[in-house]
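The structure presented is a predicted model; accordingly, all values stated were derived computationally and were not measured. Atoms within each ligand, like the ligands themselves, are counted from 1 in listed order. The analysis underlying the following values was restricted to heavy atoms, covering all of them including side chains, and did not include hydrogens, waters or symmetry mates.
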Amino acid sequence: MPRPIEALIHLDALQHNLGRARACAPDAQVWSVVKANGYGHGLTRVFEGLRATDGFALLDIDEARRLRDLDWRGPILLLEGVFEARDLEMCSRLGLWHVVHCEQQIDWLAQHKTEWPHRVFLKMNTGMNRLGFRPHAFRNAWARLSALPQVDEVSLITHFSDADAPRGIAHQLEVFQAHTADLSGERSLCNSAAVLRHATEPTVRGDWVRPGVMLYGGVPDYPEHDAAHWDLRPAMTLRSQLIGVQHLEAGETVGYGSRFTANEAMRIGVVACGYADGYPRHAPDGTPVLVGGRRTRLVGRVSMDMLIVDLGPVPEAQIGSEVTLWGQGPHCEGHATRLDIDEVAHACGTISYELMCALAARVPVNVIEPHQP
Ligand SMILES: *Cc1c(COP(=O)(O)O)cnc(C)c1O
């Protein structure tokens, strides 16, 4: 038998969450953001679950090629545009749409020989200060692009820095609108946080929304809201089994560095999952874990291949018991159980995005097909 750890990818959850994005942004088209190998879920796998999308947005031409090889004929958007002039040939060949965020990318386009003019998304830096033209330079870039025979249609795009946070989007929205009011072209502004929190407003929603993490069941504004609040379902489950059980006396310690000390006699379980599987090494004592669908806690430092849990709340647990690190747990007393990845990430001082993307290559992945009606 192989080591008992595995990841499950739930296609019905991807379908459901895509439906949630549509419901939050009615009439807008949806770019499903599948960068970073579909946020760690596997590009081919998430493609199956997200086929009903209007387009896919990602970063790498190689990933775009893989989507074309899967026979995806719809739009694909390169969110950072091209990295060198030669990339434009592949854009022409594969019919990729691409972001244009700097003068250099316009220069490359102006020198590009193509029979098929490109659809481009011109990016404004409205305050994120990552990629994009400053507002005062935007109109000039738009005019330059619009005049190029290599360019078909120019759409307008920007990115919010605080859509999940108290500062909100108003300051950036105002800048974007002030500098684009009389420019033609479709608009795209919203990431997941903006889709969930702000997209009821048509000017925010625009023509295309760009949800990423919410498609995978991650919540951008956790812990203010959780997955149940937004009606999102986990698309990834990381599960394993107990491979050992120990009985501790009061005063005994657990694992490297003896980080955890038992206050009283206790039973602990050894789980076949460690940081080499993508579980965060910095997870503190108390990080939630499900054993047999019941909540318990991590104790002691996570090691490369194992971590340790308190079996106090699960006296029936034994070697072979199912352990859920995040995602959908087993049925327990007739109920489906679940441990949100956001909760684990929050306990570890990070965000669900990072845990999803860090799923290690050595973990076998199984795809769960949607239930047939
Ligand atoms: C990653 C990304 C998104 C999606 O962000 P989420 O927070 O995962 O929804 C949207 N737009 C751009 C430009 C991105 O880079």
Polar side chain donor-acceptor pair, Thr287 to Arg297, under 3.5 angstrom = no
If we ignore angles and hydrogens, is there a donor and acceptor under 3.5 Å between the side chains of Gln172 and Thr126?
->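 Side-chain D/A pair, Gln172 to Thr126: present.
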Heavy atoms of other groups near Glu174 CD, more than 12 under 6.0 Å = no
Under 3.5 Å donor-acceptor, Asp342 side chain and Val219 backbone =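 Checked: pair present.
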When you measure from the centre of the six-membered ring of Trp97, is the NZ or CZ of Arg119 under 6.0 Å away and within 45° of the axis?
-> yes
Any protein N/O atoms within less than 3.5 Å of an N/O atom in ligand 1? List the atom names and distances, or say none.
residue	atom	partner	partner atom	Å
ligand 1	7 (O)	Tyr353	OH	2.7
ligand 1	8 (O)	Tyr39	OH	2.5
ligand 1	8 (O)	Val213	N	2.8
ligand 1	9 (O)	Ser192	N	2.7
ligand 1	9 (O)	Ser192	OG	2.5
ligand 1	9 (O)	Gly212	N	2.9
ligand 1	11 (N)	Arg210	NE	2.9
ligand 1	15 (O)	Lys35	NZ	2.7

Under 3.5 Å donor-acceptor pairs involving side-chain atoms of residues 239-246, not counting sequence neighbours:
residue	atom	partner	partner atom	Å
Arg239	NE	Glu6	OE2	2.8
Arg239	NH1	Glu322	OE2	3.4
Arg239	NH2	Glu6	OE2	2.6
Ser240	OG	Ala272	O	2.7

